[in-house]
Number of protein chains: 2
Amino acid sequence: MVIAATLNDIATKAGVSVSTASRVLNNKASEYRISEDTETLVRKVAQDLGYRPNHVARGLRLQTTNTVGLVAPDISNPFFASIVKRVQTVAHDLGYSLVVCNTNEDSELEEEHLNLLDRKRVDGLIAMPVGQDSSEYHAWIETGVPLVLVDRCFDDLDVPSVVVDNYAGAYQATSFLADSGHRRIAFIQGLPGTYTNSERLRGYRDALHDHELYQDDRLVVGGDFREENGYIETKLLLGLDDRPTVIFASSDLITLGALKAIYEDGLEIPRDLSLLSFDDFDFAPFLKCPLTVVRQPRELMGEVAMKLLAQQLENASAEKKRVVLRPEFILRDSVAPVNVEPASETT
Amino acid sequence: MVIAATLNDIATKAGVSVSTASRVLNNKASEYRISEDTETLVRKVAQDLGYRPNHVARGLRLQTTNTVGLVAPDISNPFFASIVKRVQTVAHDLGYSLVVCNTNEDSELEEEHLNLLDRKRVDGLIAMPVGQDSSEYHAWIETGVPLVLVDRCFDDLDVPSVVVDNYAGAYQATSFLADSGHRRIAFIQGLPGTYTNSERLRGYRDALHDHELYQDDRLVVGGDFREENGYIETKLLLGLDDRPTVIFASSDLITLGALKAIYEDGLEIPRDLSLLSFDDFDFAPFLKCPLTVVRQPRELMGEVAMKLLAQQLENASAEKKRVVLRPEFILRDSVAPVNVEPASETT
DNA sequence: ACTGCGAGCACAATCGATTGCGCACACTTG
DNA sequence: CAAGTGTGCGCAATCGATTGTGCTCGCAGT
């Protein structure tokens, strides 16, 4: 192992004090009236010794790490992956590194991560919380370290956050389905109790209500955002006597599971069944049946999140805004109109 | 801002020395013969004060950060995203945090990141290098900090690494195309000079050669792994007089671009043109035309990478293995057989 | 009463960088 | 020659935790 040169080594070798070395290498030579000769000397010695500043020591002294934590449920999911990427990019531009944590939608794991990030003394945190319970985040706020919530937020927490108008997205989509003549609209939800899910569900329900459609509780199914959930629930829905005419999947992974189930049963979209998805993804236009979706501005979310955090970082008393972004309804081919007939459609 | 309690505070309040407090909280009470009374007292005080250990200070003293860096070209690309996710998970299980960096296939940015990670004194590094040039990594190795290369590697670097047998994957796929009767097989390559690309290209070329097919240089096109590359090159290929009968896209994003171009021109896969892709992705089976692909074991790559790194971390002189994983050829519908006729296929 | 011993803990150096304060010297001015 | 004014830089504390070394008791033994 190579022993790294320290400021001390430089100082000794250059015959100056550590302070001088430090000041030169932090470009404060003129501020502290260090002569040009000394400056060049120190720089040269630093160069010769292959000096590599130690940010751990620096962090201890300065009580800052130039690092922010990011907590997400599933960073391989394209939705979160895009957010993470953008957060990373913006963070780097602002001079921060990013410690990424995956909670796998597990509250215990999430708490572990929060704990670790706290001990690591990250300067700030961007989180997409797992759960319904905000207590871990209450604890975080106690520490005084800035926090920004993304995608999912808590109403009882006064914290800057950026979310999509899930209600509007779901409402618009469901309305579209109703207007297309669908009357049995299934909703495969994600994790109940999460902000995201509740809002989408509310949008769905309100739209049904406003279109005077009967709310069949058996059509609201599912329990988390994973692919398996989409698969299983779709299978079950397809087994129903009075099968829905359309499935509204509340996340991209649920959609993936739904697709598997649908094609496995030999059905065609939208001929036999319509499908609509919350979350767009790159390949959605090229599917066997190009998917009609509610698209969230994921990259924008990441960017806004990091910028909100930066505001808190430079000014602890900055306003704690909640930014609400509009999702976009993208019409493709996966929803077929239904003939609006007075009675049933039995051939 | 809440002032965090330190060991000192605890020691003072408990009426013991810092050392004792430290030892108790590190579960070394018995090792250092601390009485049970003292132990409970210290623990209680720590609890009361809401003690949060400072890993920065700890890191300085112990010369270790329990953090590893990860450098990838594009963490939102499903291929890398899967790797990152798995690396993160395994890292956490082994007690490490992960600092994630995105290079965007930009060597300068990559170097910046390496520099930063070095200053941050990460304990190890997992990298998917951008370039053809290994000099930055040579510099890294000088520091003595363990390094593992993933997906792309350098032959002039004695470093543990995990790669896919790109040659075999490309060879098998190209052979399949040849066996299906294709004689004009286009190859849209990624970034020339990268290990990945060179190997795939070599596999493609060798397969052509072994099947006694003419190598038309105009059919080897492209210059990076981005979607735009796939789009543009496909457009150009489609404009050729003697258009290829199949396109072999050497990454998922290139495939995405190709799909755009193909459907934009109103062509059908595989009727008008066959398509084959390096990289599988979740939605590949559900595309308009389910894609035949060479699948890489991405999650496995991430896991192996982190485990290799862990080996280096606990034993600096551990063997520097190169792990080569087999890709899997997955046959779906996007390659149509071509009638092998003696002459041209003009009508 | 004096020695010996182990239990229980404290001292102080250390990791590497930052920074407020102040010192020493040179040179100018009255 | 004394006082005044800069210039150029060093001293030493500090951030919070870890740890090798060694001190100080109380008690048993003779």
Side-chain angles (χ1 to χ4, degrees), chain A residues 1-43 45-46 49-66 118-123 143, chain B residues 1-43 45-46 49-66 118-123 143:
Chain A
M1 238 258 271
V2 184
I3 303 299
T6 71
L7 272 189
N8 213 321
D9 301 338
I10 296 181
T12 309
K13 186 155 183 208
V16 299
S17 75
V18 203
S19 354
T20 303
S22 169
R23 297 200 252 247
V24 166
L25 297 175
N26 282 302
N27 299 315
K28 297 187 178 167
S30 60
E31 183 182 339
Y32 282 90
R33 297 176 315 222
I34 312 267
S35 71
E36 261 189 43
D37 286 356
T38 311
E39 175 165 2
T40 25
L41 174 62
V42 170
R43 288 199 190 284
V45 173
L49 258 40
Y51 175 64
R52 309 180 295 132
N54 186 326
H55 268 53
V56 179
R58 188 168 197 283
L60 178 58
R61 180 66 238 251
L62 262 36
Q63 302 288 11
T64 172
T65 51
N66 290 306
D118 173 40
R119 288 150 125 82
K120 291 234 151 97
R121 295 294 191 269
V122 293
D123 293 339
T143 69
Chain B
M1 238 258 270
V2 184
I3 303 299
T6 72
L7 273 189
N8 214 321
D9 300 338
I10 295 182
T12 308
K13 185 151 183 215
V16 300
S17 75
V18 204
S19 359
T20 303
S22 170
R23 297 202 251 249
V24 167
L25 298 175
N26 283 302
N27 298 316
K28 297 186 180 169
S30 59
E31 184 182 339
Y32 282 89
R33 295 178 316 223
I34 312 271
S35 71
E36 261 188 42
D37 286 357
T38 310
E39 175 164 3
T40 23
L41 174 62
V42 170
R43 287 198 190 285
V45 173
L49 258 41
Y51 175 64
R52 310 180 294 131
N54 186 325
H55 268 52
V56 178
R58 187 171 197 281
L60 177 59
R61 179 68 238 253
L62 261 35
Q63 303 287 8
T64 173
T65 52
N66 290 306
D118 174 41
R119 289 150 125 81
K120 290 234 151 95
R121 294 296 192 268
V122 292
D123 292 339
T143 68

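From a predicted model like this one, the values you see are computed outputs, not experimental measurements. The chains referred to below are lettered A, B, ... by the order of the sequence lines, with proteins before strands, and numbering in each begins at 1.
Listed in residue order, the members of residues 17-29 of chain B having a heavy atom less than 4.0 Å from DNA chain D are B:Val18, B:Ser19, B:Ser22, B:Arg23, B:Asn26, B:Lys28. Listed by residue number, there are no residues of residues 34-43 of chain B with a heavy-atom contact under 4.0 Å to DNA chain D.
Nucleotide D:dC15 holds its C1' atom 17 Å from the NE2 atom of B:His55, rounded to whole Å. One interatomic measurement links the two molecules: CD1 of B:Ile10 to P of D:dA17, which rounds to 8 Å at whole-angstrom precision. Between the P atom of D:dC15 and the CG atom of A:Leu62 lies a distance of 13 Å, rounded to the nearest Å. Rounding to whole angstrom units, CZ of residue B:Arg33 and P of D:dT24 are separated by 16 Å. Taking atom OH of residue B:Tyr32 and atom C1' of nucleotide D:dC23, one finds them 16 Å apart after rounding to whole Å. Remark: P of D:dG16 and NZ of A:Lys120 are 19 Å apart, rounded to the nearest angstrom. Between A:Asn8 atom CG and D:dA12 atom P there is a gap of 14 Å when expressed in whole angstrom units. Spacing between atom CG of B:Asn54 and atom C1' of D:dG16 amounts to 6 Å, rounded to whole angstrom units.
Nucleic acid contact class of B:Val16 (heavy atoms, under 4.0 Å, all strands): sugar-phosphate only.
Across all their heavy atoms, B:Asp9 and B:Ala5 have their closest contact at OD2-CA, 3.3 Å. Shortest non-hydrogen contact noted between A:Ala46 and A:Leu25 is CB-CD2, 4.0 Å.
Between A:Gln63 and C:dT18 there is no side-chain N or O to OP1 or OP2 distance below 4.0 Å.
Taking the salt bridge (Lys or Arg N to Asp or Glu O under 4.0 Å) definition, one finds that A:Asp118 meets it with B:Arg52, sequence neighbours left out.
For C:dT14, the base has a donor-acceptor partner in the side chain of B:Arg61 [N/O atoms by modelled type, under 3.5 angstrom].
Side-chain N or O atoms of B:Lys120 include one that pairs as donor or acceptor with a backbone N or O of A:Asn66 at under 3.5 Å.
Between B:Arg121 and A:Asn54 there is a side-chain heavy-atom pair separated by less than 4.5 Å.
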